[in-house]
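Inspection log for the structure reproduced underneath, given as C-alpha cells.
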Amino acid sequence: MSDFFENDDELVLQLGDLLPDDAGEVVLFARDEPLKIESNTPLIETGVVEDSHITASGTDVGGLTYSQFANGMTLYHDNDHILIIAPDV
C-alpha cells in the first residue's frame, strides 16, 4: 500500500459526503494538501463573505470563500487549497 502524501495524490470528496449543520452550511479548513470537492449539484453562487457570519455550528466564516449549491447547501472554505468542481446553473 502506497503512502498518500508521498505520491502527491489529490484528496477528492463528493459534496454528498459532507454533513451540513442545521442551516445547511459546511465549513472546511484545508491544511497544506489540496482538496477537491466534486458535485453533480449545480453551483449557484460563489464569493467571499465580506462581513462576520456565524454558522449554526458556531464558526465565524467572515473572510472565507463561499460556494452556494442548488440543493441549499453552502460550503465555506479557504480558496488556497480547496477546489470546487460543479456545474454552473
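No experiment lies behind these values; they were computed from the predicted model shown.
- Residues satisfying the side chain to side chain contact (heavy atoms under 4.5 Å, CB included) test with Leu18, not counting sequence neighbours, are Leu13, Leu15, Val26, Leu28, Ile37, Leu75.
- Scored by the side chain to side chain contact (heavy atoms under 4.5 Å, CB included) test, Gln68 finds Glu45, Thr74 as partners (sequence neighbours excluded).
- Put simply, Val49 and Val27 are part of the same group of oily side chains (I, L, V, M, F, W, Y) that touch within less than 4.5 Å, one to the next.
- Crowding of Asp17 atom CG: a count of heavy atoms from other residues, nucleotides or ligands under 6.0 Å exceeding 12.
- The structure places CD1 of Ile84 at 4.0 Å from NE2 of His77, a figure rounded to the nearest 0.5 Å.
- Screening residues 56-65 for side-chain hydrogen bond (donor to acceptor under 3.5 Å, both in side chains) gives Ser52-Asp60, Thr55-Ser57 as the qualifying pairs, with residues at least two apart or on separate chains.
- The structure places OG of Ser67 at 11.5 Å from CE of Met73, a figure rounded to the nearest 0.5 Å.
- The closest side-chain heavy-atom distance from His81 to Leu35 is not below 4.5 Å.
- Other residues, nucleotides and ligands contribute over 12 non-hydrogen atoms within 6.0 Å of the CG atom of Asp21.
- In terms of heavy atoms, Pro87 sits closest to Ser39 at CD-O, 3.3 Å.
- For residues 14-43, the set of pairs meeting the ring-ring contact (aromatic ring centres under 6.0 Å, His included) definition, not counting sequence neighbours, is empty.
- Residue Ile54 shares its hydrophobic cluster (ILVMFWY side chains chained together at separations under 4.5 Å) with no other residue.
- Contacts classified as ring-ring contact (aromatic ring centres under 6.0 Å, His included) and involving residues 34-64 (residues at least two apart or in different chains) are given here: His53-Tyr76.
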